[in-house]
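We count ligands from 1, going down the list as the structure has it; atoms in each ligand are counted the same way. Count residues from 1 along the sequence.
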Amino acid sequence: MGLGETVDTLARLIAFPTVSADSNMEMIAYLAGRLETAGARVEVMRDAGGTKANLWATLGPDTDGGIVLSGHTDVVPVTDQDWSSEPFVMRQQDGRLFGRGACDMKGFIAACLTVAPVLAARVRDRPVHFAFTHDEETGCIGAGHLVAELRARGLRPGLAIIGEPTEMRVVEGHKGCYEYTTEFNGLAGHGSAPDRGVNAVEYAARYVARLLGLREHLRARAPEGSRFEPPWSTINVGALHGGVAHNVIASRATLDWEMRPVIKPDADFVKQDLAGFVDDILLPAMRAVDPEAAITTHVIGEIEGLEPMPQNAARDLVAELTGANSAHVVPFGTEAGLFQSLGINAVVCGPGSIEQAHKADEFIALDQVQACLDMLHRLAKRL
Ligand SMILES: [Zn+2]
């Protein structure tokens, strides 16, 4: 039911070049129009800059306990990718629909739009919400704003289905992904007199050593029964830049690093340890030479993990709707953890494969689109 219409809608959605760096307003306006026609109350929530927005739309009453269908509107760039055809023009071939965002995740959004009128006809006392967000690919920024807004309003939906591509498998867990750049500002000087400068590269190296020590601690903190690979929280040192020459005291260094916590207390443990190390050990030593010396950590993105829970009504519902008898954990991050942080039961289940996401010739298979439509139609019957 509705496959042809979904394909047409997906072609429309792919034609909006909603690369994360650019505005998504045109696509949001289109989605708002479609959902309004279906009978939803729609709300466009602009970000501070005014060029991005989240869409929040509701079928049924404005009460707690509803079901959220969540997807992000942005896509990753196509630069330096070798596409066989124009990435923002959908191409259909051999049962596949090609285009940037086809599986990640405009296919899911197109299916939601197709089934929205059916959901509208069935909705009674339990509302259905659509949450279409901006800037997921750059750290779930839009979803962060949306969840903060729901928190401020005191609105607490019961469960959330995030339609990231899982090939319609039920996913109940993923690690968090926190990315940081830590900047070290010291004092330059001649290499022959190391004590008269503050060597930013050397302090960065000490910080890196601390991170590696924490990484070992995290292994020992792996929660019992963790199904993640590896089962513990990890830290990676991605890039270290600094200094100018052999004989100059480096005045500046930057360190790009990330951690992927399996549980939130691990992230708090790392942050607390680092804060103490910086405030009690590194900074006093640096400032003894130069009071202006500084260490600043910039948050690039903090994607909350989705912790597998013994009780999860979203997982159970989607398993029932798709006929799945097991739930999985995956290595990629989604907006699900943010919803979970609000006390909402969350599950990830959507059409297409993460294998095709972010790559040249991204596609979604037609039978995946159909499977998603089937799930949403069954959801409508359950309302
Ligand atoms: Zn995605």
K.L.:
Can you check whether F363 and F98 have ring centres sitting under 6.0 Å from each other?
P.N.:
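Yes; F98 has its ring centre under 6.0 Å from that of F363.
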K.L.:
Return all side-chain donor-acceptor pairs below 3.5 angstrom for residues 282-294, not counting sequence neighbours, or 'none' if the list is empty.
P.N.:
unit_1 : atom_1 : unit_2 : atom_2 : d
R287   : NE     : A293   : O      : 2.8
R287   : NH2    : A293   : O      : 3.0
D290   : OD1    : E292   : N      : 3.0

K.L.:
Quick one: which of R100, Q81, Q356 gives a side chain to side chain donor-acceptor pair (under 3.5 Å) with E362?
P.N.:
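Going through the options one by one, the only one that passes is R100.
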K.L.:
Restricting to under 2.8 Å, identify the protein N, O or S atoms around the Zn ion (ligand 1) as residue plus atom.
P.N.:
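Listed by chain and number: H72 NE2, D104 OD1, E164 OE1, E164 OE2.
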K.L.:
Is the shortest side-chain N to carboxylate O distance from R382 to E320 below 4.0 Å?
P.N.:
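So R382 pairs with E320 through a salt bridge.
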K.L.:
Let me confirm one number: the NZ-CE distance from K271 to M259, rounded to the nearest 0.5 Å.
P.N.:
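Here the interatomic distance stands at 6.0 Å.
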K.L.:
Mind checking the CG-CH2 spacing from L274 to W257? Nearest 0.5 Å is all I need.
P.N.:
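One finds 5.0 Å between CG of L274 and CH2 of W257.
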